[in-house]
Amino acid sequence: MASGRSTGTPQRGKGGRPPQRGKNPVAGARRRTSSAGRAAPKNRQVPWLLIGAIVVVLALIGGIGFFLFDRSAQISPWRPSSDNKDPSLAIPGIVTQSYQGQHHVTPQQRVAYDRLPPFGGPHDGYWAACNGQVYSQPVRNENMVHSLEHGAVWIAYDPTRVSGAALDTLTAKVQGQNQMMMSPYPGLDQPISLQSWGHQLKVTDANDPRIDQFITSLKGNPNGVYPEVGASCDALGPGYFDPANPPAFDPPPYPRNALPMNYQGTSGAGGMGGTG
Amino acid sequence: MTASSVSSPPEPPVVDDEFDEGDGGGWWSNSPGWAKGVLAAGVVLILLLAGGLAGAVIGQRTAPTYGPAAGSIDVGFLQDMSVHHRQAIQMAVWERSNTTDPALRQLAFDIESSQTQQLGMMQGWLQLWAQPTESAPGNYMGWMGMPVPSMPGMASEADLQRFRAATGSQLDVAFLQLMLRHHRGGLSMMQAAAAGASVPAVQALSSSMVASQTAEATTMTQLLAQRGAAPLPM
């Protein structure tokens, strides 16, 4: 554009001196800036303002484009945000169910859970340690469900189908990570099942990318996808919950006196803001 | 524009143009019609884009994304120190619940409650800035220019199992040893943030951590000596 302008016809110019015509317009413009060139012609000036305007426009377009692209590129689509409170809902195969929190049972009671493994409902007053705990033995459902209420992601696996490298892969996602716990779950219908409060995803392969999508979407999600944001995953120890000696696994069938999922016979802990 | 308006020698205009200065053949009159059109359109575009950019900047201040960038000293410190604090809280909770020594129970409660409060501040800021609330597993201290798989002072899984298996005075000694090493290990990160953080609140928090944890480390060194035990090597 600029070159087209400077080599264009000069007929619209005015006040220019004929000797300057045909000369390099850049030289003419340059001379104009010197003190000796005050009377230099202006009809062949390079349109610096026009060029500048175009440059500024292009820079603005580029800058804004980069700003938007950069912003969208650095945020994982699975990270929860105020615009996308629960990204896990877009994971193929995810199962969700709404549960009411804060209903507790005693260490002697059992709950007739509606899912296997359970991912919500009444639970023991003591939560299982979920501060990156890798349990080598299956753990009582009622304690694990309480940890889900605190925002933990629980990886359950069928010990007959997941071992070796696959088990190492899963362990690396859990060991030492807050709000993560893992335990074997004999009788699982799929090799691997992930639970978060109200969310479940069953997969067959430890390298399935949906595992990380599930964890990124739900672990530490501050948007109320689990009942107790900020609750602890730490264990208090023997007499409460001891990760070295957790309560024994209690799979179905459930006894006749197991507490139902309609919360009849459980104690609501919410009113006093208690042990939750 | 400035250049053309200051250089206005008294030369008679050949072609009149009502928008021109009318004295020296300014850039406007010298421009062909299509260039004037492009320029006008460009000016309109600039105004629109400037408005849009201003809107975006204002929106950025109020919506989820503002504050220091990912990888900055502020964000990196808060993410790493959140992980570091969580483990201290984990050990302090266990010690507070299982020790039989009132002095140790008091110390453990002090560490647990203060670091839980600090953790809440750090998590709150990171959430306001729409940053991940903790470091990616196995990738710490990149903001200090030396990414490491594990932060100094962190107890290993074996350390934690040994600690939880201990009772009585052995539990207290294990707690003091692990927590003293934990405090000392975190010091370099707190000092780096106190010196380099850009957000005053982050600077203030990290400075206060340096002060309080240095004092606690002195206390724990004395408590270890009283029990005839030595600190762990770093």
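Quick caveat, the model's predicted, so the values are computed rather than measured. Every chain is numbered from 1 and lettered A, B, ... according to where its sequence line falls, protein lines coming before strand lines.
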remark   = Scored by heavy-atom pairs under 4.5 Å with chain B, the best of A/G230, A/A129, A/G176, A/P238 is A/P238
request  = Would you give the length of the straight line joining atom NZ of A/K219 to atom CD of B/E134, rounded to the nearest 0.5 angstrom?
outcome  = 3.5 Å
query = Measuring from A/D234:CG to B/S97:OG, what's the distance to the nearest 0.5 Å?
reply = 9.5 Å
request  = Measure A/Q133 against the heavy atoms of chain B and call it side chain, backbone, both or neither at under 4.5 Å.
outcome  = side chain
task = Answer with side chain, backbone, both or neither: which region of A/P80 has an atom nearer than 4.5 Å to a non-hydrogen atom of chain B?
result = neither
Contacting region of A/A235 [heavy-atom separation from chain B under 4.5 Å] = both
task = Work out which heavy atom in B/W94 is nearest to a heavy atom in A/P243; give both atom names and the distance.
result = CZ3-CD, 3.8 Å
query = Can you tell which of B/P132, B/G120, B/S156 has the highest number of heavy-atom pairs within less than 4.5 Å of chain A?
reply = B/P132
remark   = So CZ of B/R164 and CG of A/N245: to nearest 0.5 Å the spacing works out to 12.5 Å
B/E157 versus chain A, the contacting section by heavy-atom distance below 4.5 Å = side chain
message = Under a 3.5 Å distance rule, please check whether B/R86 uses its side chain to pair with a backbone N or O of A/N131 as donor and acceptor.
response = no
task = Using non-hydrogen atoms and a 4.5 Å limit, figure out which bit of B/I89 sits close to chain A: side chain, backbone, both or neither.
result = both
query = Hey, what do you get for OG1 (B/T133) to CZ (A/R79), rounding to the nearest 0.5 Å?
reply = 9.0 Å
ask   = So, does B/N98 use its side chain to make a donor-acceptor pair with the main chain of A/L236 at under 3.5 Å?
value = yes
